[in-house]
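Contents: one structure, followed by commentary.
Counting starts at 1 for both ligands and their atoms, following the listed order. Only heavy atoms go into these numbers, but all of them, side chains included; no hydrogens, no water, no symmetry mates.
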Amino acid sequence: EAGRLAESMNHQVFAVGGFVRDLLLRRDVLDMDLVVEGDGIAFARALAKKLGGRVRAHKKFRTAVIVYTPPGEGENGLPPEEQKVDVATARLEYYEYPAALPTVELSSIKMDLFRRDFTINALAVQLNPEDFGRLVDFFGAQRDIKERVIRVLHSLSFVEDPTRILRAIRFEQRFHFRIGKQTTRLIKNAIQLKLVDRLSGARLFNELKLMLREKDFLLDLLRMEEFDVLKAIYPAFSMNQRVEKLLREIEKVLNWYALLYEPTAPRQWLLVLMGLTERFPDEDARGVATRLAIPPRERREFLNLRSLCVETLDRLNTWKYADGSRSGLYFILESLPLEGILFIMARTGDEDLRKHISLHLTKLSHEALEITGEDLIAMGLQPGPDFGKILREVLAAKLDGQAPTLLAELGYAER
Ligand code: CTP
């Protein structure tokens, strides 16, 4: 479709970047990146029209994003998921100064590929019908994919964009590649030159978040430590034995939770950040949030969650010896965000407590959802000042397996 359109508009169009890399690596490909030699935005508008999608254009960068719903059915007969296509205009870029956003001037596919981070991402596939499927590889990308190595395209790559240090590590661990020798040297240089300091908090946070979301976040962090990147981000960051052990527990808990196939997924980055800062004084936790320019809502969540976890762990220990009831457990954990609950599971060395928390997640929190005020109304109870309290009591009785007795006392038969 894109190819035929390009032909009719007399443009050359290519699929590029991660899309092509993942194709060659036979990994699932998600979103597609296109580069157009010509007017990228006009092309995106025309293509969106054909696909029945929407377009968001960024005139300044001559890029656009098409969002559309592919025809047919998705998985399990559900409607198919929305797809994203990024469209860029092939261009020559100048960097005003390192780590700044680029200013833009027209040029060709080769320059577009040359400005990219690594050879493995600098591969294009032609989509025009006459050359459909032709691989465009100016920089040895296919060789590097075959040799499983991450290599920059030129020696100023990390000066242009220090977030690429984190990207190199992230791709290395994700694909089980290794960072090439020269590229390793360039990373070390960039660290010594303190180029990470030049990154804005927002860009750094964005890139770090991508890393902390990876399946291999732990290996990423260990590799970051090796390169002294962690300290470069925030001096108190360290993968000492304690932190490493906690992160291993977090990894286990995350894997365990994933196997439950619960509808809500935890924010892994937040959980890992909690682990990284567990022993930090509050001042340093705030320092991290400031350095990373974490947006206000997430910043508050992160800082609150830290103290909430400490308090909750205390309350759980008291509960265990003084109460031990399921309802007691439920009421302690009910308002703690999922990330906090999983963090406590990872953090506690108490196997029993872990089992209790697991019971809460797999059973109690579901049972609790089954009782609502409407059930009470259906039982003939009038909403009134005590309504909330009664609801809590019924809920507690249900969790503790005493609902029938309590309801009888209240004068109601269980449904
Ligand atoms: N890119 C770059 N320098 C960066 C970020 C991105 O050169 N700091 C280029 C890379 O060529 C990359 C493309 O922009 O392939 C798209 O970026 P992104 O979507 O972040 O990368 P993907 O390779 O698709 O990575 P992921 O699989 O993690 O989405």
Side-chain angles (χ1 to χ4, degrees), residues 14-36 40 56 58 61-67 83-95 97-102 104 107 109-125 135-142 144-145 150-177 179 183 186-187 190 195-196 198-200 202-217 219-220 229 268-269:
F14 306 86
V16 294
F19 174 84
V20 184
R21 174 201 72 211
D22 289 347
L23 270 181
L24 290 196
L25 286 169
R26 293 172 211 283
R27 294 174 67 98
D28 288 342
V29 246
L30 298 168
D31 301 327
M32 188 162 177
D33 284 318
L34 297 183
V35 169
V36 179
R56 245 186 353 226
H58 300 275
F61 299 117
R62 296 193 182 129
T63 61
V65 185
I66 306 172
V67 182
Q83 299 267 318
K84 255 179 49 187
V85 181
D86 280 312
V87 181
T89 306
R91 62 209 183 170
L92 176 65
E93 297 212 6
Y94 295 108
Y95 293 85
Y97 58 88
L101 285 170
V104 163
S107 175
I109 184 72
K110 184 165 182 184
M111 277 318 295
D112 183 278
L113 295 174
F114 186 63
R115 79 187 164 84
R116 288 171 185 267
D117 47 5
F118 309 113
T119 56
I120 60 164
N121 288 335
L123 199 54
V125 178
L135 268 178
V136 179
D137 181 2
F138 296 109
F139 309 108
Q142 292 170 92
D144 288 349
I145 288 177
I150 310 282
R151 258 198 269 268
V152 288
L153 289 143
H154 57 81
S155 60
L156 287 180
S157 194
F158 297 116
V159 179
E160 281 174 3
D161 181 356
T163 64
R164 290 176 175 169
I165 299 171
L166 276 71
R167 293 175 65 85
I169 293 174
R170 182 157 61 89
F171 291 131
E172 182 191 51
Q173 299 308 315
R174 186 201 286 171
F175 303 134
H176 309 291
F177 279 25
I179 298 174
T183 302
L186 293 170
I187 292 180
L195 295 188
V196 175
R198 297 196 201 176
L199 281 171
S200 72
R203 290 205 67 208
L204 195 51
F205 181 47
N206 197 37
E207 201 58 51
L208 187 66
K209 223 174 176 179
L210 290 175
M211 184 170 249
L212 302 189
R213 280 183 185 146
E214 292 275 321
K215 194 171 137 297
D216 292 312
F217 72 87
L219 296 174
D220 285 346
V229 191
Q268 178 172 309
W269 69 266

**OP:** Report the relative orientation of the aromatic rings in F114 and F139; use parallel for angles under 30°, tilted for 30 to 60°, perpendicular for over 60°.
**Re:** tilted
At a 4.0 Å threshold, what atoms of ligand 1 neighbour a non-hydrogen atom of [X]?
| X | value |
| --- | --- |
| T163 | 8 (N) |
| G17 | 15 (O) |
| R116 | 7 (O), 9 (C), 10 (C), 11 (O), 13 (C), 14 (O) |

**OP:** Would you please determine whether F118 falls within less than 4.0 Å of ligand 1 on a heavy-atom basis?
**Re:** no
**OP:** Return yes when R170 approaches ligand 1 closer than 4.0 angstrom through a heavy atom, no otherwise.
**Re:**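 Yes, R170 has a heavy atom closer than 4.0 Å to ligand 1.
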Quick test: of every protein heavy atom, which one is nearest to [atom], and how far off is it to 0.1 Å?
| atom | result |
| --- | --- |
| atom 18 (P) of ligand 1 | R167 NH2, 3.8 Å |
| atom 3 (N) of ligand 1 | R164 NE, 3.2 Å |
| atom 22 (P) of ligand 1 | R21 NH1, 3.9 Å |
| atom 29 (O) of ligand 1 | R174 NH2, 4.9 Å |
| atom 16 (C) of ligand 1 | D33 OD2, 3.8 Å |

**OP:** Output yes when a side-chain donor or acceptor of T89 lies under 3.5 Å from a complementary backbone atom of R62, and no otherwise.
**Re:**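 Between the backbone of R62 and the side chain of T89 there is a qualifying donor-acceptor contact (under 3.5 Å).
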Subject >> Donor-acceptor contact present, side-chain Q268 to main-chain E214, <3.5 Å >> reply: yes
Original post:
Does any N or O atom in G18 lie less than 3.5 angstrom from one in ligand 1, N or O only?
Top reply: yes
Subject >> Student check: side-chain heavy atoms of N121 and R167 closer than 4.5 Å >> reply: yes
Original post:
Is L34 close to F19 at the side-chain level, that is, under 4.5 Å between some pair of heavy atoms?
Top reply: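 No, side chains not in contact.
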**OP:** Return yes when atom CZ of R56 has more than 12 non-hydrogen atoms of other residues, nucleotides or ligands closer than 6.0 Å, and no otherwise.
**Re:** no
Subject >> Spacing of CD1 belonging to I145 relative to CZ belonging to F175, to within rounding of 0.5 Å >> reply: 8.5 Å
**OP:** Nearest heavy atom to atom 7 (O) of ligand 1 wins, so pick from D161, L123, D117.
**Re:** D117
**OP:** Please report the shortest heavy-atom distance between R151 and D144, naming the atom on each side.
**Re:**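 Residues R151 and D144, closest heavy atoms: NH2-OD1, 2.7 Å.
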Original post:
Between E160 and R115, is there a salt bridge with N-O shorter than 4.0 Å?
Top reply: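 Here R115 does not pair with E160 in a salt bridge, since their nearest N and O are not under 4.0 Å apart.
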Original post:
Just heavy atoms, cut-off under 4.0 Å: does F171 contact ligand 1 by side chain, backbone, both, or neither?
Top reply: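 The answer is the side chain of F171.
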